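Some notes on the structure that comes next.
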Amino acid sequence: MFGDKYKKDMNNVKAPEDAVARISDKMKAGKPKRTVLTRYIALAAACIIAVAGIAVAIPNAENIGNGISALLGGANFLEIFAPEEPAPEGTEGFKTYNQLCAAITDRVNTYKEDNYYYEWNLGIGGIIDEGVVEEDVPTSDELKGEDILESEPETAPDREENKDFSDTNNQVAGVQEADVIKTDGKFIYTIMKNVLSVFSADEGEVSLACKIILEHECRDMMLIGNRLVIISKNINDTPHYTDTDWNTVTKVYTYEIDEKGKASLADEFVQSGYYISSRMVDGKLILVTNHIPEYTRHFYEKDYEVTRDDVLDNLPRTNGNDLPADCIIVPDDIISATFLVASVYDGKSGESKSTAIMGAGTDIYADADTLYVYCTKYKEDGRHTLINRFYAKNGDIYHTGSVLLAGRYNNQYSFDEYNGNLRVALTRNNDNVLYVLDEKLDIIGEIGGMGINESIKSVRFSGDLAYVVTFRQTDPLYAIDISDPANPVILSELKIPGFSTYMQSYGENKMFGFGNDADIETGWTQGIKLSMFDTTDPNDVKEEATLLLGENTYFAENVLKAVSVQYDKGIVMFPYIDYVNTEYGRFSEIRVFALYTYTENGFTLLGKDVVPYDHNVANVRGIYIGDYIYVITLFYDGNATVNSYTINDLTPVDACKN
């Protein structure tokens with residue numbers, strides 16, 4: 001029953017003369033999930049008039065109001081027909097959708113006058129990565145979501161709590177990053193296109209435990225206990241094809257894996273927008289997407305104005321529900337009409353929390369309780385990096401601040417949080433700079449003068465030290481002391497040919513570098529180069545060993561995920577592409593998985609797995625479980641093969657195909 005406040009409101013509300021027409025127009029223009037049968041239009045209009053005139057006399061008038069709210073796409077009944085309210089001062093604190101819509105229409109209509117080109121072309125740093133699609137795989141109704149393995153393995157090994165196995169190359173300890181390959185020491189999980197494969201791995205013996213054709217193409221995967229959290233590629237959320245798809249969602253599937261490796265769907269979660277990146281902290285998924293409103297496709301039209309209804313129809317959603325008004329932030333100076341959406345989702349309980357801010361993201365950095373989402377903003381004086389910070393812990397998430405820094409980032413390793421300070425290394429016009437920001441995101445220290453007229457190629461933070469590699473013709477490796485955050489100091493500069501695109505600590509006082517050799521005169525790359533740096537004295541960093549793989553060698557894929565450096569095992573493994581001469585005098589591309597060890601004598605090759613040229617090969621990756629190496633080849637059509645080898649010399653043991 002309505003309280004006194006609602007009785008007063010309802011007595012003062014007059015049903016607009018165009019109420020029926022507005023409902024009809026909203027239903028015609030709405031998305032499929034908001035559509036109801038036409039015969040209910042008249043009934044809905046009658047309900048509006050009845051509620052407006054005699055709300056006090058109807059015992060369940062509040063329920064009727066809620067029903068009309070649902071009919072209108074989730075917007076509050078009183079908000080739809082009450083006079084529009086001005087937005088509150090500041091960038092958040094919206095109590096109603098009226099306030100939210102007023103702020104969004106004001107900002108967007110101002111923004112689009114000068115920025116429609118960037119929005120239309122998604123020119124804010126490449127916020128969409130559709131990936132590569134070569135061939136189709138069967139997705140018939142009989143196969144979708146079904147286990148298509150004809151027979152299960154007769155036996156399956158028990159899961160071993162302390163079994164030694166490799167993990168995804170995670171930047172921050174305790175923060176899991178998504179990948180297309182995972183292992184728990186008993187099973188190997190692969191995801192390619194829309195095919196999930198589960199292989200049993202027992203002392204080098206490999207067998208297929210489960211293969212599932214998923215409903216949609218997927219691109220990333222997390223593993224927590226006996227649950228797989230699989231993240232889809234961008235999905236069209238409309239039932240029929242449209243010339244321009246502005247209804248993209250990202251879908252998350254949670255699969256439970258039993259003792260035999262059979263997977264069963266346990267839960268699903270849907271978030272509006274294109275998938276950007278994700279992390280897993282304390283068993284909860286942090287999911288970040290860019291939600292692009294449909295009205296942005298009209299930005300090239302000079303006289304087009306975004307309306308309140310446009311905004312209501314294009315709010316960010318999770319599981320089909322609009323985010324509450326007080327969970328959406330609208331900065332005074334927006335960089336995009338896109339919504340950056342961030343959620344924390346628990347695949348076990350199905351619970352989630354979400355927030356959104358007008359802007360965009362290209363990638364993320366996260367630690368145990370903080371999420372940073374960043375993107376490039378173009379200004380007259382060069383490229384800048386916009387960073388949005390969120391608190392993300394214990395199933396909660398909310399925005400805690402933003403900062404705009406001059407310069408462009410290299411990748412996620414350009415960012416690091418330590419002792420409450422955010423450290424960021426950026427290329428700023430013709431210089432490179434390291435910023436230190438405090439908990440308020442105020443700059444408290446910075447240092448430049450690194451690699452003038454060069455660009456940052458890799459960064460690695462290690463406690464109070466930072467190692468920054470820049471490149472143009474040679475590879476200056478800078479060691480920087482950040483023990484006093486307000487006064488960073490360059491301790492040393494090492495110039496060598498080539499550059500490292502990835503660096504990682506290798507035990508104490510050593511840093512492994514993976515990158516390219518280069519001509520010292522021209523800067524042209526000359527193939528893959530492995531380096532080991534001696535960091536015993538940061539004031540005098542030395543390159544103690546190098547290995548060149550040949551001028552016709554190239555990175556096979558994303559080096560941040562593909563390179564596996566295992567100091568405890570004494571191995572470095574990675575895939576690469578090599579071009580070799582054939583008997584006909586032509587070059588042929590082959591995929592190579594290489595296993596090296598490092599000693600005081602330098603790098604030593606333990607063995608190679610060579611995959612002959614095949615246009616269908618998407619990825620070649622390697623993991624270890626115990627004393628065995630497993631080399632996984634993923635194909636664009638969704639197929640996968642697993643070859644096992646001994647870890648000391650790469651002697652073949654077993655092979656299996658899904």
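Values reported hereafter were calculated over all heavy atoms of this structure, with side chains retained and with hydrogens, waters and symmetry mates removed. What you are looking at is a predicted structure, and each value in this text was computed from that prediction instead of being measured.
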Name of the residue among Y478, F533, Y467 meeting side-chain contact (heavy atoms from CB on, under 4.5 Å) with L494: F533

Please confirm whether the backbone N or O of C218 pairs with a side-chain atom of H216, one donor and one acceptor, at under 3.5 Å? no

Is there a donor-acceptor pair under 3.5 Å between the side chain of R107 and the backbone N or O of P331? yes

Would the distance check show the side chain of T376 and the main-chain N or O of T385 forming a donor-acceptor pair, the cut-off being under 3.5 Å? no

For the residue pair Y372 and F415, is the inter-centroid distance of their aromatic rings smaller than 6.0 Å? no

Given the options M358, K377, H384, I335 meets side-chain contact (heavy atoms from CB on, under 4.5 Å) only with K377

Do T470 and N432 get their side chains close enough for a donor-acceptor pair, meaning under 3.5 Å? no

So F555 and F514, would you call those rings parallel, tilted or perpendicular, with 30° and 60° as cut-offs? tilted

Indicate whether the side chain of Y275 and that of D220 have a donor and an acceptor atom separated by less than 3.5 Å. yes

M511 and side-chain contact (heavy atoms from CB on, under 4.5 Å): which partner among S505, S531, S500? S505

Test side chain to side chain contact (heavy atoms under 4.5 Å, CB included) on V341 and Q271; report intermediate values, then the result. CA-CA 8 Å; V341 189; Q271 179 169 310; 3.6 Å; yes

Check ion pair E446-R428 (N to O, under 4.0 angstrom): yes

Salt-bridge present (K495, E543; N to O < 4.0 Å): no

Exercise: do N170 and Q176 side chains pair donor with acceptor under 3.5 Å: no

Are Y413 and Y502 close enough that their ring centres sit under 6.0 Å apart? yes

S277 side chain to R279 side chain, donor-acceptor N/O pair below 3.5 angstrom: yes

